[in-house]
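Reviewing the structure listed below.
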Number of protein chains: 2
Amino acid sequence: MSQHRHPGAPGRAGAVPTLPDLPEATVARLPEYLRALHNLADSGHETVSSEGLANAAGVNSAKLRKDLSHLGSYGTRGVGYDVALLIEQIESVLGLTQCRSVALVGVGNLGHALAGYDGFATRGFRIAALFDADPARVGEEINGLVVRHVDELSRVAAEQLISIGVIATPARAAQAVADQLVAVGVTSILNFAPCVLSVPEGVDVRKVDLAIELQILSFHEHRKASLTALPGTAGSALTALPGGLAATDTQEAIGT
Amino acid sequence: MSQHRHPGAPGRAGAVPTLPDLPEATVARLPEYLRALHNLADSGHETVSSEGLANAAGVNSAKLRKDLSHLGSYGTRGVGYDVALLIEQIESVLGLTQCRSVALVGVGNLGHALAGYDGFATRGFRIAALFDADPARVGEEINGLVVRHVDELSRVAAEQLISIGVIATPARAAQAVADQLVAVGVTSILNFAPCVLSVPEGVDVRKVDLAIELQILSFHEHRKASLTALPGTAGSALTALPGGLAATDTQEAIGT
DNA sequence: CGCGATTTGTGCACGTCTTCACAAGCGCCT
DNA sequence: AGGCGCTTGTGAAGACGTGCACAAATCGCG
Ligand SMILES: NC(=O)c1ccc[n+]([C@@H]2O[C@H](COP(=O)([O-])OP(=O)(O)OC[C@H]3O[C@@H](n4cnc5c(N)ncnc54)[C@H](O)[C@@H]3O)[C@@H](O)[C@H]2O)c1
Ligand SMILES: NC(=O)c1ccc[n+]([C@@H]2O[C@H](COP(=O)([O-])OP(=O)(O)OC[C@H]3O[C@@H](n4cnc5c(N)ncnc54)[C@H](O)[C@@H]3O)[C@@H](O)[C@H]2O)c1
């Protein structure tokens, strides 16, 4: 039933290329730093301070420094970080030095948008294949890629090394698709269908659920409305909101 | 604690839902419970145990009980939770008892998919208006809604009470759109553009960034590849992966 | 060469989140 | 009625994440 942790890890003798073992929270922020760094590089900056990069990425500068310190010491005290070097390091840690192939299953409403999105290629990913179960959609060409039938998945996966599978089918089909992806060796899945997926150990699933995001926003709307309606403290109850909303990922403003 | 007959007997006159001040991590999970509960209700279940609901939602049962305990005591020991009652309570806490209106700005590739998505209406949201800056797109009708020019935002917002703004424009336009949304009184924004938004205090921003999700998956792929390549601990290194990946939100398998 | 200005890297304290473990409560069966 | 099995709700402990504050390191300049 429940998984037990191993308190003492088996001997970690070899410290060869510093298998980093980053905190998950840090991993989740590295892509943001990377985007900010690319923006800075494009605008001609060669170095950047933790304060500057933290601003560009929308985080606390101490947090940013701690995050980066987990990768090693790539900054220079009194100067800051070399933008190009830091990009290189983060991309290396994230495994973006090779272009990863993505298979997209479910070329419907959402799948079409994803297939036509150019933001993948610019960030180290390549959509390698499109799949759908609807015969009417099979054969359609999107962005130079032909939609194949989902039954061909194993054949196509054998030709190309698929790194990540994206599921954009209705929820009722998602588990079956996940099983098929796992069967052809995919160990990372991004799921847009609103359902939980069961996958074997060693397979990572991340999900994106629109409605959940909206409902979280709804909660805060509701709370804000309750506060302003309450007669307790007068009008300016809003300014009494706690600044730090942590948890999943909520930005709260910082003006200048 | 459990008052089935006379709700709100003790204490003050108004049987107010007590403004619970939930932990953010809990708020982020309530929508998942809600979805699981709706599925259970559709399949005829009248009650469900914490174990059963936790399974359906893909979380630990202790965590689920603690989350629900923050809303009050709506379970019955030895029996479980009443599905219908729990749905009602969670929807009440999330502010979903009223249908919230959403304004979508940027009806391009992604915006089209969002506008045509029926998963909003079924979960308590209504797309109230579509906006774009491109004159070629203004006037187009999607799902019975006409795309308006973004300059009309303030006029339309005056007619309808917009609860949430969704930004699906290119990144370079996102900040300006956010400013316009804030200007017409929107205090909750869902941002699909890959950039950080500056908004005044009291405005909540949540973002959805595809590339970030893929890059996080890429990191784990990279790590798994390193592990299997390492001769240190033999072949079955994968099975030694820690079960609990917490942080943002990664499901890891539980088969059977 | 030394000094001050600047910025990194991190020890530490604090808050949040997770998980275990178990008493209290509930319904059913005898 | 009483006991028994099942389930909730929660205290406590530990893991994890955050942010302050400061020593150590570096650069530029007189
Ligand atoms: N459209 C959106 O904006 C949006 C937003 C958030 C979430 N989602 C979710 O994303 C998923 C897709 O949404 P959509 O609007 O594109 O739906 P859609 O119905 O337009 O597209 C689904 C596609 O999946 C295909 N499909 C069905 N079963 C399949 C299978 N077994 N194998 C392969 N392909 C299969 C269908 O043929 C169809 O083309 C849904 O789960 C939806 O809830 C969509
Ligand atoms: N397409 C995807 O699958 C996808 C996935 C992830 C993220 N995104 C992000 O979502 C955003 C939209 O992507 P897209 O593929 O739909 O781009 P798109 O270019 O197809 O659509 C953008 C739309 O926004 C409109 N627009 C531009 N400036 C505007 C303004 N100031 N006010 C109102 N409307 C304006 C444009 O006219 C266009 O219709 C981008 O930031 C993109 O990075 C897209």
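Hydrogens, waters and symmetry mates are skipped; everything else that's a heavy atom, side chains included, is used. Only a predicted model underlies this, so the values are computations on that prediction, with no experimental measurement involved. Order of the sequence lines sets the chain letters (A, B, ...), proteins ahead of strands, with each chain counted from 1.
Contact detail for A/Ser188 and B/Lys224: the closest heavy-atom pair is OG-NZ, 3.9 Å. Scanning all heavy atoms of the two residues, the minimum distance from A/Leu197 to A/Gln175 falls at CA-OE1, 3.4 Å.
Within the structure, every side-chain polar atom (N or O) of B/Ser50 is placed at least 4.0 Å from both OP1 and OP2 of D/dT7. An OP1 or OP2 oxygen of D/dG17 is reached within less than 4.0 angstrom by no side-chain nitrogen or oxygen of A/Asn60.
Rounded to the nearest 0.5 Å, atoms OG (B/Ser50) and OH (B/Tyr81) are 5.5 Å apart. How far OG of B/Ser226 is from CD of B/Glu221: 10.5 Å, rounded to the nearest 0.5 Å.
A salt bridge links A/Arg123 with B/Asp209: the distance from a Lys NZ or Arg NE/NH1/NH2 to an Asp or Glu carboxylate oxygen falls below 4.0 Å. Using a 4.0 Å cut-off between charged nitrogen and carboxylate oxygen, B/Arg65 and B/Glu51 do not count as a salt-bridge pair. A salt bridge is defined here as a Lys NZ or Arg NE, NH1 or NH2 lying under 4.0 Å from an Asp or Glu carboxylate O, and A/Lys207 with B/Glu32 meets this definition. For the pair B/Arg223 and A/Asp21, the salt-bridge criterion is not met [side-chain N within less than 4.0 Å of a carboxylate O].
The distance from atom CG of B/Asp82 to atom P of C/dG27 is 13 Å, rounded to the nearest whole Å. Atom-to-atom, NZ of A/Lys63 to C1' of C/dG9 comes out at 17 Å; the value is rounded to the nearest Å. If you take CG of B/Leu64 and C1' of D/dT8, they are 11 Å apart, rounded to a whole angstrom. Taking atom CG of B/Leu22 as the reference point, atom C1' of C/dT16 lies 14 Å away to the nearest angstrom. Atom pair B/Asp21:CG and C/dT16:P shows a separation of 10 Å (rounding to whole Å applied). Taking atom OH on A/Tyr81 and atom P on C/dT6, their separation rounds to 18 Å, with Å as the unit.
The nearest heavy atom of DNA chain D to B/Gly72 and to A/Asp67 marks one nucleotide each, and the one closer to the 5' end goes with B/Gly72.
A donor-acceptor distance shorter than 3.5 angstrom exists from the side chain of A/Arg100 to the backbone of A/Gly95, with no hydrogens or angles considered.
Comparing the start and finish of the helix from C/dC1-D/dG30 to C/dT30-D/dA1, five pairs each, the helix axis swings through 10°, to the nearest 10 degrees.
Comparing atom distances between the B/Glu24 side chain and each of C/dC17, D/dG17, C/dG27 picks out C/dC17 as nearest.
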All N/O contacts under 3.5 Å from nucleotides 10-12 of chain C to the protein, with atom names and distances to one decimal?
residue	atom	partner	partner atom	Å
C/dG11	O6	A/Lys66	NZ	3.1
C/dC12	N4	A/Lys66	NZ	3.2

